[in-house]
Amino acid sequence: MKEEKPNKNRSFEKVVGDKEERKLQAQRENKSVWSGLGLFGMIGWSIAVPTILGAALGIWLDKTSKEDFSWTLSLLVAGLMLGCLIAWSWIQKENKEIHKKNKDGNE
């Protein structure tokens, strides 16, 4: 039993030390509100651009070829799905970078 207590203290000290190091690193980075707004903007544009391009291509295809289905609606949905996939992969990349900075990934 006496051997378990020092191990618990060391692990507690390590957790507290890691949290303090992350806190100090966050203060050194000094990110502003604008960087957070930029993040939202990047996500929005990564969804909006493929959606608009898909709709524009669909409108052009509807005008040039007469089909029984709507190219506009089909390509709008395809562009939206592509945009969501791009945004998701970009967020995953950012998440990996954040967790790479944190040695153990704990909050």
Side-chain angles (χ1 to χ4, degrees):
M1 273 218 168
K2 291 182 180 180
E3 292 177 15
E4 290 179 19
K5 196 168 187 174
N7 288 338
K8 287 183 181 179
N9 285 340
R10 285 188 202 144
S11 66
F12 177 73
E13 290 171 358
K14 182 176 178 354
V15 168
V16 171
D18 289 345
K19 286 183 179 183
E20 182 65 22
E21 179 61 33
R22 286 194 301 272
K23 184 177 178 180
L24 291 173
Q25 183 179 0
Q27 288 175 348
R28 278 179 259 153
E29 288 178 3
N30 196 16
K31 291 189 175 184
S32 68
V33 174
W34 294 109
S35 66
L37 291 175
L39 175 68
F40 285 119
M42 286 297 296
I43 293 170
W45 281 109
S46 68
I47 294 172
V49 170
T51 304
I52 292 170
L53 290 176
L57 180 61
I59 290 169
W60 179 77
L61 283 172
D62 279 340
K63 287 180 182 179
T64 58
S65 66
K66 302 297 180 194
E67 297 290 334
D68 291 339
F69 60 92
S70 172
W71 280 107
T72 303
L73 186 58
S74 301
L75 292 178
L76 179 105
V77 171
L80 179 63
M81 291 186 338
L82 177 65
C84 289
L85 182 67
I86 292 169
W88 178 78
S89 66
W90 191 76
I91 290 171
Q92 290 291 7
K93 185 186 88 166
E94 290 294 318
N95 191 28
K96 284 180 185 177
E97 287 180 18
I98 288 169
H99 285 304
K100 189 190 314 183
K101 288 179 184 177
N102 299 338
K103 294 173 186 146
D104 58 354
N106 292 334
E107 290 284 318

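By the side chain to side chain donor-acceptor pair (under 3.5 Å) test, Ser46 pairs with no residue at all, sequence neighbours left out.
Residue pairs meeting the side-chain hydrogen bond (donor to acceptor under 3.5 Å, both in side chains) criterion with at least one member in residues 64-90, sequence neighbours excluded: Asp62-Thr72.
Across Ala55 and Leu76, no two heavy atoms sit closer than the pair CB-CD1, 3.5 Å. Among all heavy-atom pairs drawn from Ile47 and Gly83, the shortest one is CG1-O, 3.6 Å. Of all heavy-atom pairs spanning Ile86 and Pro50, the tightest one is CD1-CG, 4.2 Å.
A continuous path of Ile, Leu, Val, Met, Phe, Trp and Tyr side chains, each step under 4.5 Å between heavy atoms, connects Leu75 with Trp60, placing both in one hydrophobic cluster. Phe69 is not connected to Met81 by any chain of hydrophobic side-chain contacts under 4.5 Å among Ile, Leu, Val, Met, Phe, Trp and Tyr, and they are in different clusters. Linking Ile, Leu, Val, Met, Phe, Trp and Tyr residues whenever their side-chain heavy atoms come within less than 4.5 Å places Met42 and Leu80 in a single cluster.
The other residues sharing a hydrophobic cluster with Leu53 are Trp45, Val49, where clustering joins ILVMFWY side chains under 4.5 Å apart.
Rounding to the nearest 0.5 Å places CD of Glu94 at 11.0 Å from CD of Gln92.
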